[in-house]
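See below for the structure under consideration.
Keep in mind that what you see is a predicted model, and the values were worked out from it rather than measured.
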Amino acid sequence: MRSKPTEKKRNTPIEKKKRITLTSKEISELFAEGIVTIVLLLLLNIAILVILTSIVENSPDLVDAIYASKNAFTSAFNTDIFRSGRNFILPMFFLLDVIVLYWRLIRRYHQMQLRHIISELHFIAEGNYDHRIPFELRGDLSRIVSNINGLVDSTVAAIEDERRIEQSKDELITNVSHDIRTPLTSIIGYLGLIEDRQYHSEEELLKYTHTAYVKAKQMKSLVDDLFEYTKVRQPSVPINVMEFDMAQLVEQLAADFELEASRKGIKIETYTHPEHIEMDGDTEKLVRVFNNLLSNALKYGKGADKIRMEVEKVGTEAILTVKNNGQMIPKQALDSLFDRFYRVEESRSQETGGTGLGLAIAQSIVALHGGYIYAKSTPEWTSFIIHLPLKRNNLSNTQTYG
């Protein structure tokens, strides 16, 4: 067996392909195999010659037939090479012996190669998942090595996914605990003041109860969003698909938010091309996406005086854009916007009651429909852009989640 490589070389993710180098013990085994095979073949050749000689000597008719054949070949080819049987029997034996010897040595060499592959596989099984079998082989062994390396890659990917899931669960628990504890502490504090009658007037009592009520609503909002987030992330979540007019839905959503926007001095504009865009989808879930995007634009679009909703049909998909001309989102925050519990400005989100789950929910709902969502921000516009397939049959059977 070959000598064990150093750990540094073992831990190299991509290793150069190399031929298997036999150890001195394996070379000795191969040499012994050749010697034993040659001896056995010589004994077999002698035995065959003895048997053939005995048969010929005891069969006069066979002797006459062989003699006649020799004369015929000698006359036909005008050579005396056929006069003696050794001239063609011994070369034939030699050729057959070489073929058998080659087969036996190749067979044993392949067994040794397989031992090296098994040794590498044991090393990987010990936990060295960044190692791959580096041998350059041919035929079936090459396919075996490729399949083993592919299996290791799949296993490592599955382990990493499992680790990310566990880490994600831990982060979820930590974030939920933090966001619930903050309002819960305030509720307990104000209710404690009321319980101990540490207020001086009915107005102060109402102030305490109102603050506790607002904090309780924040907790309920967080729990509702958390429930919605976990629900849309489930593989078995049902999608109530129906055919609807996306342009009409956008107009209705703009009308629903018009009063709230006017109070903030913001104008909502819509643009659709063409005027009617028929598509398949779960309208209830899609309304949840647009409600979140519009609410965010109203809450966090500092300095904005315009929100624009655009719907455009391009090929087999609809491209929907919700944008506002408010303050630009920092470039480093764009990639994290759809992470759960992420807030661009923690203090601002707390003031407006944001849970940090809205965009994560929106991304999951869009993914359920076979689409994707992303954000971009310039000094002129901050835009959230959604791509959705027009028809349900354009979706794959296996849903993916953002």
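- Looking at Leu390 and Ile277, their side chains come closer than 4.5 Å, going by heavy atoms from C-beta outward.
- Here side chain to side chain donor-acceptor pair (under 3.5 Å) pairs that include residues 153-164, with residues two or more places apart or in two chains, are Arg132-Asp153, Glu160-Arg163, Asp161-Arg164.
- No side-chain heavy atom of Val287 sits under 4.5 Å from any side-chain heavy atom of Gln252.
- Proximity of Leu388 to Leu286: side-chain heavy atoms (C-beta onward) are separated by under 4.5 Å at one or more points.
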Under the salt bridge (Lys or Arg N to Asp or Glu O under 4.0 Å) criterion, do Glu275 and Lys313 qualify, and how do the steps go?
-> CA-CA 10 Å; Glu275 289 187 8; Lys313 179 180 178 181; over 6 Å; no
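- Two residues are said to be in side-chain contact when any heavy atoms from C-beta on lie closer than 4.5 Å; Met279 and Phe244 meet this criterion.
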For Glu33 and Arg107, run salt bridge (Lys or Arg N to Asp or Glu O under 4.0 Å): C-alpha distance rounded to whole Å, both residues' side-chain angles, the deciding distance at 0.1 Å, then the answer.
-> CA-CA 10 Å; Glu33 179 77 14; Arg107 180 171 171 269; 5.5 Å; no
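- For the pair Ile187/Met219, a side-chain contact is recorded, criterion being any heavy-atom separation below 4.5 Å from C-beta on.
- To the nearest 0.5 Å, atoms CD1 (Ile386) and CD (Glu317) are separated by 12.0 Å.
- Here the closest heavy-atom approach between residue Ile124 and residue His131 is recorded as CD1-O, 3.6 Å.
- Residue Glu243 holds its CD atom at 5.0 Å from CD of Glu278, rounded to the nearest 0.5 Å.
- By the 6.0 Å contact criterion, NE2 on His210 is open, its count of non-hydrogen atoms from other residues, nucleotides or ligands being 12 or less.
- Using a 4.5 Å cut-off on side-chain heavy atoms (C-beta onward), Leu337 and Phe384 make contact.
- Considering CZ of Arg104 and CG of Leu40, their distance stands at 7.5 Å, rounded to 0.5 Å.
- Expressed to the nearest 0.5 Å, how far CG of Leu222 lies from CG of Leu357 amounts to 6.5 Å.
- In this structure, the separation between CG on Asp256 and CG on Asn291 is 7.5 Å, given to the nearest 0.5 Å.
- The CG atom of Asn324 sits 8.0 Å away from the OG atom of Ser377 when rounded to the nearest 0.5 Å.
- You'll find the side chain of Lys215 stays beyond 4.5 Å of the side chain of Tyr190, heavy atoms only.
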